[in-house]
Protein chains: 2
Amino acid sequence: MKSSDDAKMAKKMHPMPFTRIEVVVLSIIDSRLHVLLAKRAEAPYAGKWALPGGVVRIDLDGSLESAAKRVVAERLGMELPDMEQLCAVGGPKRDPRAAWALSIVFRALVRIDKISANPGKRIKSLTWCPVSEAATDRSLAFDHADLIERAVKTTRAQTNAMKLPAGLLEKQFTLSDLQTTCEQILELKLDKSSFRRKLDSRDLVVPVAGATKGGAFRPAQLYRLT
Amino acid sequence: MKSSDDAKMAKKMHPMPFTRIEVVVLSIIDSRLHVLLAKRAEAPYAGKWALPGGVVRIDLDGSLESAAKRVVAERLGMELPDMEQLCAVGGPKRDPRAAWALSIVFRALVRIDKISANPGKRIKSLTWCPVSEAATDRSLAFDHADLIERAVKTTRAQTNAMKLPAGLLEKQFTLSDLQTTCEQILELKLDKSSFRRKLDSRDLVVPVAGATKGGAFRPAQLYRLT
DNA sequence: TCAAAAGTGTTGCTTGTACACCCATGT
DNA sequence: ACATGGGTGTACAAGCAACACTTTTGA
């Protein structure tokens with residue numbers, strides 16, 4: 001028994017955690033940050049709101065990132081680019097289905113007009129909920145309110161550090177669009193002049209040659225991410 | 001079959017990833033950042049250097065953090081406080097023992113004179129390796145060189161952001177000690193005056209009343225973390 | 001009195017904030 | 001012309017880096 005198969009034996013003898021992906025999809029609706037919630041079709045927490053998520057499938061997934069992509073496709077019937085891994089949480093009490101549940105949490109930022117989410121497997125319906133409510137809503141399934149809170153906190157920190165929210169922007173955008181988006185994430189007003197100087201001192205955006213956009217006022221220069 | 005047991009069935013039918021904890025223990029030796037490596041006693045990679053790690057045990061562990069604590073105790077025969085979760089990586093090719101391996105990576109900072117690591121289960125011997133070598137050493141087992149590189153990068157970013165490396169400090173320390181430690185993590189010289197102004201503008205340390213420490217020169221005020 | 005390290009001060013530059021002001025456009 | 005949002009400039013404050021300087025100790 002003191003063989004090089006110890007590890008393999010250990011693996012076979014020790015049951016592994018019930019391992020899932022959960023996805024925090026954030027978007028801006030009516031000037032406020034919202035999170036996408038799915039109404040669960042099945043127990044546990046049937047009828048309750050939860051983050052869209054699913055089991056890691058070792059027969060299908062090549063990595064955690066591709067597992068997240070597959071889960072989004074199955075649950076929401078769409079693709080989400082730029083998903084970012086936030087953290088992993090695990091413990092014996094997280095999910096009544098399993099003795100021990102592990103979740104790898106991803107976050108995506110996406111424009112509401114670019115998304116075409118439809119309730120997929122095991123999901124009765126979808127809704128967008130303001131993050132301020134979701135993060136404190138004790139009626140959410142599992143520990144998902146905590147996960148949402150962490151995701152929002154991380155997103156705000158990144159925006160403060162001038163990591164631009166690519167998923168919330170059009171391919172081309174005006175600097176005012178960009179600033180407004182950041183302000184809505186942070187829920188605070190930014191100074192136009194400061195914001196722009198930061199942008200170009202760090203070479204975060206480049207003007208798109210000759211392109212502008214009209215209204216009932218002066219047209220704005222369009223930019224894209226570098 | 002369209003019952004509330006679908007999820008449970010899915011769980012039973014889908015094998016779960018081989019789920020492990022890996023620990024990047026960093027310390028400063030001879031003024032340079034080193035990482036603790038363990039020589040593997042068994043296949044795969046028998047005789048190769050790897051990060052200390054172990055399987056998540058759902059019968060023993062109450063959380064990922066306590067799993068990390070247990071793994072350190074088993075492999076190194078000691079306790080490590082302040083372990084921080086860095087990331088999770090997973091995929092089918094990471095570990096020949098399993099069809100799909102998932103690792104949750106933790107990092108610890110520890111004073112070399114406070115540590116009493118002894119080779120534990122499945123470990124032949126331990127060594128400290130300069131991080132600059134370890135991060136690029138293609139002979140390390142699994143993808144551990146990558147994990148080390150990520151851990152070091154994160155640690156440097158945190159130090160730059162003035163997150164003090166608690167584990168690398170005595171309970172009481174001089175400001176010069178603290179500065180030297182940060183310099184050794186970052187591998188660059190810092191300005192004394194700037195460093196100190198940052199410390200007290202952010203209230204990161206407090207002087208320990210009346211305590212000082214002698215040498216062949218002027219004694220220094222002792223401080224502790226807030 | 002000298003070396004060594006502690007600790008403080010000065011100067012100039014960079015960055016951030018607040019706010020004012022001009023510019024281009026459609027109505 | 002004027003309202004509207006785009007875009008730029010200025011003035012002040014805060015922060016940081018480099019460097020010089022003073023202080024306190026044991027030898």
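Naming: A, B, ... by sequence-line order, numbering from 1 per chain.
Taking OG from B:Ser63 and CH2 from A:Trp100, the interatomic distance works out to 6.5 Å, rounded to the nearest 0.5 Å.
Of the residues in residues 184-200 of chain A, A:Asp191, A:Ser193, A:Ser194, A:Arg197, A:Lys198 come within less than 4.0 Å of DNA chain C through at least one heavy atom, sorted by number.
With sequence neighbours excluded, the residues forming a side-chain contact (heavy atoms from CB on, under 4.5 Å) with B:Pro130 are B:Arg32, B:His34, B:Ser132, B:Glu133, listed by chain and number. Applying the side-chain hydrogen bond (donor to acceptor under 3.5 Å, both in side chains) test to B:Ser193 and every residue at least two apart in sequence or in another chain returns nothing. Applying the side-chain contact (heavy atoms from CB on, under 4.5 Å) test to B:Lys192 and every residue at least two apart in sequence or in another chain returns B:Gln179, B:Arg196. Residues that satisfy the salt bridge (Lys or Arg N to Asp or Glu O under 4.0 Å) test with A:Lys153, not counting sequence neighbours, are absent from this structure. For A:Ala141, the side-chain contact (heavy atoms from CB on, under 4.5 Å) partners at least two apart in sequence or on another chain are A:Arg40, A:Tyr45, A:Lys48, A:Ala50. By the side-chain hydrogen bond (donor to acceptor under 3.5 Å, both in side chains) test, A:Thr174 pairs with A:Asp177, sequence neighbours left out. A search for side-chain hydrogen bond (donor to acceptor under 3.5 Å, both in side chains) contacts involving B:Ser116 returns nothing, not counting sequence neighbours. Partners of B:Glu170 by side-chain hydrogen bond (donor to acceptor under 3.5 Å, both in side chains), not counting sequence neighbours, listed by chain and number: B:Arg111, B:Lys114. The side-chain contact (heavy atoms from CB on, under 4.5 Å) search around A:Lys163 returns A:Glu84, A:Gln158, not counting sequence neighbours.
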Listing time: all N or O pairs from protein to nucleotides 22-27 of chain D that are below 3.5 Å?
residue: D:dT23; atom: O2; partner: B:Arg218; partner atom: NH1; Å: 2.9
residue: D:dT24; atom: O2; partner: B:Arg218; partner atom: N; Å: 3.3

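The residue among B:Asp177 and A:Arg202 whose nearest nucleotide of DNA chain C is located toward the 5' end is B:Asp177.
Reading DNA chain C from its 5' end, the first and the last nucleotide to sit under 4.0 Å from a heavy atom of chain B are C:dA4 to C:dG9.
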